[in-house]
Amino acid sequence: MKYVIHKYEFRVRLLILMSAVILLAACSDDTDRLQAETDTLQIAAYTQDMTSPSWPATTRAVTVPSGYSQYTGSASIGVFMTPSETEMTLITYEDKVWHSMVKVTDQTEYYIYGYMPAYASCTISPNTSFADGAILTFNNVPSVMSEDFSVITGVLQLEPKPDFAGVPLEEGTMKAGAFKYTGKVSGSNFVNLMFDHLYGALSISLMVDADYHALRTIKLKEFRLRTSDASGTSKSKANVTVTLNKTEGTNPISSVVFEFTGDDAGDTPFFQSSTGEELTTVSKSFMGHFMPQDITTFVLTSVYDVYDKNDNLIRKDCTAENTIDINKLYDRQVATQRGWKYNVNMTIKPTYLYMLSDPDLDNPTVIVN
């Protein structure tokens, strides 16, 4: 740690000292020597090193049900904590930081409900009581988004165990449908959260045809998605109502009600890059999330730049639109559902390669495999 000491502070102190010297030595004619003594004092400051604690890190062991895996994305979470039926606190977690604080009272029972992403507009009410469950209502949620739209379906508070070889240990087994947390002034306040999906996901695996890749470089700048049901209805927003029950071991979501709302939907970006993501002959994955109620059609729009192999820009902001009928894609009647991921493989390739001057070389076609 460095301490910065401004020179002017020491110059003031030095001048005060020198004035005393002048009073005591007024009889001296050696003014040149006195003038030299008023030069700026040079300081080098040192401070003692701080000591970091050497306590052993706590080992946490969590057993999760089959079908769950640890979330590795950039989590953005809204969490409701309630110690009673009338008192409710909303705290948010974004960028690995809690942006709100809540006072935890020792041995007070709280019920934790929540959702992600945190920006979703949500209201909560008890399902008879918060001990029995909750009803979460989301209004005007984008019908297509880049983030995973999910709700908390289980809460696990880890319990301290006796030290093993001097290492603190906390462990527990997660189960869906448990939402209670008991506050502790000392000891563990480490809480694990289980989530379940409310939207479906569209996963795009995109690659460039090998022959075309030898001639041109493609950089993807944007993927946009629009969905519609069998009637062609496509709206930009959705209202979603989720009813949760205390189940202590099974999925607590008893119902999810979707309702299209808002204006007619345009294309919603779920991937964007200002410089462009270079595509090769190896597939790269891109994922968007959508309100799944009765969806039958995906309309995908890709925006990309075309470069020659000397990295000269040939075509800027090319667009390709692909309309995907889900039933034809899977060659069967498909009803889209929440928590399902629909995989689409796509290849960028021109129609003709026999002439370098052919316009299709610089504006290739995107094909659904």
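Along the sequence shown, residues are numbered consecutively beginning with 1. Just so it is clear, the values below take in all heavy atoms, side chains as well, and ignore hydrogens, waters and symmetry mates. What you see is a predicted model, and the numbers here were worked out from it, not measured in a lab.
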task = Taking the side chain as every heavy atom from C-beta outward, state whether T137 and N139 have any atom pair closer than 4.5 Å.
result = yes
query = Is any side-chain heavy atom of K180 closer than 4.5 Å to a side-chain heavy atom of V155?
reply = no
Given M346, R224, E321, the one that forms side-chain contact (heavy atoms from CB on, under 4.5 Å) with L300 = M346
task = Compute whether any side-chain donor of one residue and acceptor of the other, for S231 and D229, lie under 3.5 angstrom apart.
result = yes
request  = State yes or no: do L202 and V299 share one hydrophobic cluster built from I, L, V, M, F, W and Y residues joined by side-chain heavy-atom distances below 4.5 Å, directly or via other members?
outcome  = no
task = Please answer: with hydrophobic residues joined when any side-chain heavy atoms are less than 4.5 Å apart, are M291 and V257 in the same cluster?
result = no
request  = Give a yes or no answer on whether the side chain of T105 reaches the backbone of T108 with a donor-acceptor pair at less than 3.5 Å.
outcome  = no
query = In Å and rounded to the nearest 0.5 Å, what is the CD1 to CZ distance from I152 to F80?
reply = 10.0 Å
task = Report yes if some heavy atom in the side chain of T268 is under 4.5 Å from a heavy atom in the side chain of P142; otherwise report no.
result = no
query = Around atom CG of D317, are there more than 12 heavy atoms of other residues, nucleotides or ligands at under 6.0 Å?
reply = yes
ask   = If two hydrophobic side chains count as joined below 4.5 Å and joins carry through other members, does V144 share a cluster with M287?
value = no
Residue pair L279, L206: steps toward the side-chain contact (heavy atoms from CB on, under 4.5 Å) verdict = CA-CA 8 Å; L279 303 176; L206 185 60; 3.5 Å; yes
ask   = Side-chain heavy atoms under 4.5 angstrom apart, residues restricted to Ile, Leu, Val, Met, Phe, Trp, Tyr: same cluster for V334 and L329?
value = yes
message = The test is side-chain contact (heavy atoms from CB on, under 4.5 Å); show your working for F223 and V303 and say whether it passes.
response = CA-CA 7 Å; F223 247 145; V303 181; over 6 Å; no
ask   = So do T123 and F138 actually touch side chain to side chain, heavy atoms under 4.5 Å?
value = no
query = Between D305 and K221, is the closest basic N to carboxylate O distance under 4.0 Å?
reply = yes
ask   = How close do T153 and Y68 get, heavy atom to heavy atom, and via which atoms?
value = OG1-OH, 3.9 Å
ask   = At their closest point, which heavy atom of R216 faces which heavy atom of K309, and how far apart are they?
value = O-NZ, 3.4 Å
query = Backbone N or O of Y342 within a donor-acceptor pair of the S203 side chain at under 3.5 Å?
reply = no
request  = Output yes when a side-chain donor or acceptor of T92 lies under 3.5 Å from a complementary backbone atom of G78, and no otherwise.
outcome  = no
message = Once rounded to the nearest 0.5 Å, what's the spacing between atom CG of N127 and atom CG of N245?
response = 5.0 Å
ask   = When rounded to the nearest 0.5 angstrom, what is the spacing between CG in L244 and CD1 in I135?
value = 9.0 Å
ask   = Would you call E277 and K284 a salt bridge, using N to O less than 4.0 angstrom?
value = yes
message = Please determine whether ring-ring contact (aromatic ring centres under 6.0 Å, His included) holds for the pair Y111 and Y181, giving the CA-CA distance in whole Å, both sets of side-chain angles, and the decisive distance to 0.1 Å.
response = CA-CA 6 Å; Y111 293 92; Y181 154 76; over 10 Å; no
query = Should we say atom CG of D331 is surrounded by more than 12 heavy atoms from elsewhere, each under 6.0 Å from it?
reply = no
key: Pairwise side-chain contact, M145 with Y119, heavy-atom cut-off 4.5 Å (strictly under)   = yes
ask   = Between K235 and D264, does at least one N-O distance fall below 4.0 Å, as a salt bridge requires?
value = yes
request  = Considering non-hydrogen atoms only, spot the tightest contact between A320 and Y304 and give its length.
outcome  = CB-CE2, 4.3 Å
Gap separating the NE2 atom of H289 from the CG atom of L225, nearest 0.5 angstrom = 11.0 Å
request  = Supply the atom-to-atom distance R338 CZ to S150 OG, rounded to the nearest 0.5 angstrom.
outcome  = 9.5 Å
task = For residues E147 and P117, report the shortest heavy-atom separation together with the two atoms involved.
result = CB-CG, 4.2 Å
request  = Walk me through it: do F149 and Y199 pass the test ring-ring contact (aromatic ring centres under 6.0 Å, His included)?
outcome  = CA-CA 6 Å; F149 184 28; Y199 271 18; 5.0 Å; yes
message = Do V151 and F195 make a side-chain contact, defined as non-hydrogen atoms from C-beta onward lying under 4.5 Å apart?
response = no
ask   = Which heavy atom of K237 sits nearest a heavy atom of N140, and at what distance?
value = CD-O, 3.5 Å
query = Between the side chain of Q157 and the main-chain N/O of T182, is any donor-acceptor distance below 3.5 Å?
reply = yes
note = Of all heavy-atom pairs linking S283 and M207, the shortest is OG-SD, 3.7 Å
ask   = Do you reckon Y212 sits in the same ILVMFWY cluster as Y307, going by side-chain contacts under 4.5 Å, direct or chained?
value = no
request  = Could you tell me which residues satisfy ring-ring contact (aromatic ring centres under 6.0 Å, His included) with F179, sequence neighbours excluded, listed by chain and number?
outcome  = Y113
key: Min side-chain heavy-atom separation V208-T280 under 4.5 Å   = no
ask   = Of the options F298, W340, F270, which is the one that meets F290 in a ring-ring contact (aromatic ring centres under 6.0 Å, His included)?
value = F298
task = Would you please test T323 and T297 for side-chain contact (heavy atoms from CB on, under 4.5 Å) and show each step?
result = CA-CA 7 Å; T323 300; T297 305; 3.7 Å; yes
task = Any chance you could measure I204, atom CD1, to S302, atom OG, to the nearest 0.5 Å?
result = 9.5 Å
key: Sub-4.5 Å side-chain heavy-atom contact between T241 and N239   = no
query = If you measure from the Lys or Arg side-chain nitrogens to the Asp or Glu carboxylate oxygens, is any gap between K349 and D211 under 4.0 Å?
reply = no
message = L198 vs V242, test: side-chain contact (heavy atoms from CB on, under 4.5 Å). Steps then yes/no.
response = CA-CA 9 Å; L198 295 180; V242 184; 3.8 Å; yes
ask   = How far apart are the C-alpha atoms of D132 and K246, what are their side-chain angles, what is the distance that settles it, and do they pass the salt bridge (charged side-chain N to carboxylate O under 4.0 Å, His left out) test?
value = CA-CA 5 Å; D132 298 315; K246 174 188 173 183; 6.0 Å; no
